[in-house]
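Data first, discussion second: the structure below is written as structure tokens.
Residue numbers start at 1 and run along the sequence shown.
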Amino acid sequence: MVLCEPHWDNHVPLPKLRPLQSRLLVALVGLICFINSYDGDFVFDDSEAIINNKDLNPATPLSSIWKNDFWGSHLSSNSSHKSYRPLTVLTFRLNYLLAGGLHPAGFHVLNIGLHCIISALMVDVLEILLAGPACDGRAKGLARAPRASLLAALFFAAHPVHTESVAGIVGRADLLCALFFQLSFLTYCRAFQGGDRSDRFSVSWIAVSLLLCPVAMLCKEQGITVLGVSAAFDILIVCNLNVYELTRNLLFGRKSPDQVRKGLLARLALLLVSGSLLLYVRWRIMGTGPPAFTDVDNPASFAETIFLRTLLRAATLALLAMNVARCALRSQQWRSEQSLFASALSVCPLNAKVHYNVGKNLADRGSQDAAIQYYREAVRLHPKYVHAMNNLGNILKERNELQKAEELLSTAVHIQPDFAAAWMNLGIVQNSLKKFDEAEQSYWNAIKFRKKYPDCYYNLGRLYADLNRHVDALNAWRNATMLKPDHSLAWNNMVILLDNTGNLAQAELMGKEALKILPKDHTIMFSLANVLGKQEKYKESEGFFLNALKINPNAASCHGNLAVLYHRWGKLDLAKKHYELSLKLDPNAPGTKENYNMLKRKLEQHPRPAT
């Protein structure tokens, strides 16, 4: 292909650099813009996509990444976001594995590195897009615009719009998608190098470009748009078609054999077939149904008009400097959720979701009074904001303002009847208000809308236990452990209930079954030790008590119950020792002081001979 430089490129106020120098300069600007985000925290959506996403844990089977969405929910779930980005999640998992846990620095460094690489590649992409066809008018080729492409790439690297994608770790989906988008487009362009006619092209490079498109899609869904860009590039730049004249000729039945070549038609057919196939596969993966969004999630997408802004030429350098400063400022604000949401509040004081995020952050940090104010403001601004109502109801429940909590949660489920979490929380409040029938119905509503809901089964079991419906309670807790095998509270409650109802053999079997799954759970060890002690299996009971104390040595109740075991066993010195340890840790431990006084009287009545 012929390569030349258009005359207007000489007027761009930048020196002409070698390609490698241009890429390094652009990458350096990108690094300067976002380097201060390298030691930031996990913020905003990072909590759901990374901290709470079980697919990052090396203990989770790798196959689950291909079955779940970006947030770790199964794609078939009615609450799934339907965002299928397994390759992005795979890089998160790699960060987790290399760092030995959830340490944000490694995640941030990789994001910054990806932005630098993408910015450097933009020099090549923009050179193709800006220069257009060869400028000598005789050969079919591409021109070079080294100065213009460098300037445009610098603005790309320093644009504040990239802050969320770079400083926010979940933005890696955008970064990886952009990287493979670029590679797909560049390899498509590569197919035409080496020939001077548009019907001569490399099938191998086209094939590589088409393969890179689904890779971009597996990072983020928008990767498929590279097919449209490649098609437009082929029509407008490679074939240099006059689309207006071609359309007019087709409408009036005129043929244009010189314009429409077989090579172009073959390539467009390949792009169309590939795009259709990818859309079909994506449609099947997401369960043939779209996700549901509301205007509170993304108000901009519900706006009726979009306003665009063009740049003043005289302000080019000033704009570049301003963008660098804004990038640095915004990436600084993304270092923590507190600073991020505070900055959002100053920009969007009437946005309900901003108030919700501020309230959630305050609640997570223990500032409940302030959180209540922001949640209430979110509900005032958006009266149907059910998630704000749910969170506010939970805080009021913890503060024992049960009537207000019930009103809020009832309103939330009335607005959104399939809001499973709100139904469960409403059941907890109704249970506390002794509205047992209503609580039971609320729990079953929650399970109706979320089939796999172990925490709801656990709370349902607690309700049945309060009503002395022991079989129902055991069944509910068993369901909880089947859905979530490491549900410690459900296991422990089953052991305690069987113990309290005199089913000691079953309680022993249940406790040992639980410890196979949770071998280091000191609460289950404690409950099992009590069961064994009642069966006079003193030695075995002692072992579980001691193991529980190794894990939690400051548990006053564990010392007290171990002392009772020794007391019954006749090991009075050890009983005295653990009674004293229990009382030291908790002087008001129920029953321990009476048992200790009983032991002292026994020792006084039957003093041991001196050795």
- Assess whether side chain to side chain contact (heavy atoms under 4.5 Å, CB included) is satisfied between H387 and F419, documenting all intermediate values. CA-CA 9 Å; H387 292 283; F419 193 176; 3.4 Å; yes
- Task: Please assess L25 against L154 for the test side chain to side chain contact (heavy atoms under 4.5 Å, CB included), listing each intermediate value before the final yes or no.
- Result: CA-CA 8 Å; L25 176 60; L154 286 171; 4.3 Å; yes
- Test side chain to side chain contact (heavy atoms under 4.5 Å, CB included) on C213 and L278 and set out the steps. CA-CA 9 Å; C213 176; L278 289 174; 3.6 Å; yes
- Query: Does the ring pair (Phe, Tyr, Trp, His ring centres under 6.0 Å) test come out yes or no for H108 and F34, once each step is laid out?
  - Reply: CA-CA 10 Å; H108 283 294; F34 298 106; over 10 Å; no
- Task: Begin with the C-alpha distance, continue with both residues' side-chain angles, and end with the deciding distance and a verdict on side chain to side chain contact (heavy atoms under 4.5 Å, CB included) for F70 and V170.
- Result: CA-CA 9 Å; F70 185 59; V170 294; 4.2 Å; yes
- Item | Stepwise side chain to side chain donor-acceptor pair (under 3.5 Å) test for S64 and D55 | CA-CA 7 Å; S64 65; D55 288 341; 3.0 Å; yes
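Checked by atom type and distance alone, the side chain of W423 pairs as donor or acceptor with a backbone atom of P417 at under 3.5 Å. Of the possible donor and acceptor atoms, none in the side chain of N111 sits under 3.5 Å from a partner among the backbone N and O of A167. A distance-only check finds a donor-acceptor pair linking the side chain of H159 to the backbone of V161 [under 3.5 Å]. In this structure a side-chain-to-backbone donor-acceptor pair under 3.5 Å is missing from N323 to P160.
Side-chain contact check for L227 versus L210: some heavy-atom pair is nearer than 4.5 Å. E127 is not listed as a side-chain neighbour of C189, based on a closest heavy-atom distance of 4.5 Å or more. Using a 4.5 Å heavy-atom cutoff, the side chains of R190 and V208 are not in contact. At least one side-chain heavy atom of L183 sits less than 4.5 Å from a side-chain heavy atom of L121. Side-chain contact between L102 and L56: present, with at least one pair of heavy atoms (C-beta onward) separated by less than 4.5 Å. Side-chain atoms of L268 and I235, non-hydrogen and from C-beta on, do get closer than 4.5 Å to each other. Side-chain atoms of L483 and Y453, non-hydrogen and from C-beta on, never get closer than 4.5 Å to each other. Using a 4.5 Å cut-off on side-chain heavy atoms (C-beta onward), D124 and I128 make no contact.
Closest heavy-atom contact between W71 and S83: NE1-OG, 3.4 Å. When all heavy atoms are compared, the tightest approach of I118 to A178 is CD1-CB, 4.0 Å. Closest of all the heavy-atom pairs between P58 and L97 is CG-CD1, 3.9 Å. Closest approach of N351 to K353, counting heavy atoms only: OD1-N, 2.9 Å. When all heavy atoms are compared, the tightest approach of A158 to V29 is CB-CG1, 4.1 Å. Annotation for A446 and A420: closest pair CB-O, 3.4 Å, computed over non-hydrogen atoms.
The aromatic rings of Y356 and Y385 are tilted relative to each other, their planes meeting at an angle between 30° and 60°.
Heavy atoms from other residues, nucleotides or ligands lying under 6.0 Å from CE of M482 number 12 at most. Enclosure of atom NZ in K484 by more than 12 non-hydrogen atoms of other residues, nucleotides or ligands within 6.0 angstrom is indicated. Summarising the local packing, OH of Y38 is surrounded by 12 or fewer heavy atoms from other residues, nucleotides or ligands at distances under 6.0 Å. Within 6.0 Å of the CD atom in Q332, the count of heavy atoms belonging to other residues, nucleotides or ligands exceeds 12.
Under the side chain to side chain donor-acceptor pair (under 3.5 Å) criterion, N445 pairs with Q441, not counting sequence neighbours. Listed by chain and residue number, nothing satisfies the side chain to side chain donor-acceptor pair (under 3.5 Å) test with T60 (two or more places apart in sequence, or in another chain). Under the side chain to side chain donor-acceptor pair (under 3.5 Å) criterion, E337 pairs with N361, sequence neighbours left out.
Ring centroids of Y188 and F192 are separated by less than 6.0 Å, placing the two rings close together. For an aromatic pair to be called close, the ring centres must be under 6.0 Å apart, and H162 with F156 satisfies this.
Here I112 contributes atom CD1 and I35 contributes atom CD1; the two are 4.5 Å apart, rounded to the nearest 0.5 Å. Rounded to the nearest 0.5 Å, atoms NE2 (H487) and CG (N479) are 11.5 Å apart. In this structure, the separation between CZ on R85 and CG on L218 is 11.5 Å, given to the nearest 0.5 Å. Here the straight-line distance linking atom CD of Q182 with atom SG of C177 works out to 10.0 Å at 0.5 Å rounding. Within the model, atoms CD1 of I65 and CG of L62 stand 4.5 Å from one another, a figure rounded to the nearest 0.5 Å. The SG atom of C327 sits 10.0 Å away from atom CE of M322, with the distance rounded to the nearest 0.5 Å.
The only member of R172, R330, H115 that meets side chain to side chain contact (heavy atoms under 4.5 Å, CB included) when paired with V166 is H115. For the side-chain hydrogen bond (donor to acceptor under 3.5 Å, both in side chains) with S209, the lone residue among S184, S230, S204 that qualifies is S184. Exactly one of F92, Y96, F107 qualifies for a ring-ring contact (aromatic ring centres under 6.0 Å, His included) with F42. That residue is F107.
Salt-bridge check for D39 with R335: passed, with a basic side-chain N closer than 4.0 Å to an acidic carboxylate O. The existence of a salt bridge linking D174 and K220 is confirmed by a sub-4.0 Å separation between a basic side-chain nitrogen and an acidic carboxylate oxygen.
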